[in-house]
Amino acid sequence: MRKLYRLLKASDFKSVLDKRKCVVKNDCFSLYYAANNLTHARIGISASNKIGNAVIRVKVRRQVRAIIATISKEHDVYNLPVDVVIIIRTDFAKATYQDNYDILNKAFSFLATMRK
């Protein structure tokens, strides 16, 4: 994911969570979004210490980025004018990759249909 499409600052995360609208909230992750004034989407991924040690957290964030890269080919995720925050929960590491992919795919397809 290019730097242009990432939320990096804590203030960006906070602004999305203050104006948040929830798309998905389950045991694996929560996905919040807020409109932005840009022509592209920015995505932030947050993984808590409760998930596991640093190796597990990096693995989970890497999986989420891979899923988003695959989904973006179908739904054109990066052309949506929204900021998205994905908060990963403890069960994400326990669930299968395919289950996580399916849930994220439904969430981003919802965001894509909102645009139209």
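Computed from a prediction, not measured in an experiment: that's the story for all the values here.
Hydrophobic clustering (ILVMFWY, side-chain heavy atoms < 4.5 Å, transitive): Val64 and Tyr78 are in one cluster. Grouping the Ile, Leu, Val, Met, Phe, Trp and Tyr side chains by contacts below 4.5 angstrom, directly or via other members, places Phe13 apart from Leu111. In this structure, Val23 is a member of the same hydrophobic cluster as Ile43, with clusters built from ILVMFWY side-chain heavy atoms closer than 4.5 Å. There is no path of hydrophobic side-chain contacts, each under 4.5 Å, that joins Leu8 to Leu4. One hydrophobic cluster, built from ILVMFWY side chains closer than 4.5 Å, cannot hold both Leu104 and Val85; they sit in different ones.
Of all non-hydrogen atoms in Lys25 and Ser30, the two that sit nearest each other are CG-OG, 3.5 Å. The two residues Ala69 and Ser72 have their closest heavy-atom pair at O-OG, 2.8 Å. The minimum heavy-atom distance linking Ile87 with Tyr32 is given by the pair CD1-CE1, 3.8 Å. In terms of heavy-atom proximity, Val84 sits nearest to Leu7 at O-CD1, 3.6 Å. In plain terms, the two heavy atoms of Leu31 and Ala107 that are nearest each other are CD1-CB, 4.1 Å. Contact record, Arg57 with Ser48: CD-O, 3.1 Å, taken as the closest heavy-atom pair.
In this structure, the side chains of Asp12 and Asp83 stay at 4.5 Å or more apart for every pair of heavy atoms. Counting heavy atoms from C-beta outward, Asp91 and Arg89 have side chains that stay 4.5 Å or more apart. Taking 4.5 Å as the limit, every side-chain heavy atom of Val16 sits out of range of all side-chain heavy atoms of Arg42.
Asn53 places a side-chain N or O within donor-acceptor distance of the main-chain N or O of Ile56, the cut-off being under 3.5 Å. Counting only distance, with no hydrogens or angles, the side chain of Asn100 and the backbone of Cys28 share no donor-acceptor pair below 3.5 Å.
With rounding to the nearest 0.5 angstrom, the CD1 atom of Ile67 is 4.5 Å from the OH atom of Tyr97. Distance check: Thr113 OG1 to His75 NE2 gives 9.0 Å after rounding to the nearest 0.5 Å.
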- Under the salt bridge (charged side-chain N to carboxylate O under 4.0 Å, His left out) criterion, do Asp18 and Lys14 qualify, and how do the steps go? CA-CA 6 Å; Asp18 287 344; Lys14 186 175 179 341; 3.0 Å; yes
- Decide side-chain contact (heavy atoms from CB on, under 4.5 Å) for Ile68 and Ile86; before the verdict, give the C-alpha distance in whole Å, the side-chain angles of both, and the deciding distance to 0.1 Å. CA-CA 11 Å; Ile68 292 171; Ile86 301 170; 3.8 Å; yes
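With sequence neighbours excluded, the residues that form a side chain to side chain contact (heavy atoms under 4.5 Å, CB included) with Ile103 are Val24, Asn26, Phe29.
Here the options are Val60, Ile45, Thr70, the test is side chain to side chain contact (heavy atoms under 4.5 Å, CB included), and the partner is Arg65; only Ile45 passes.
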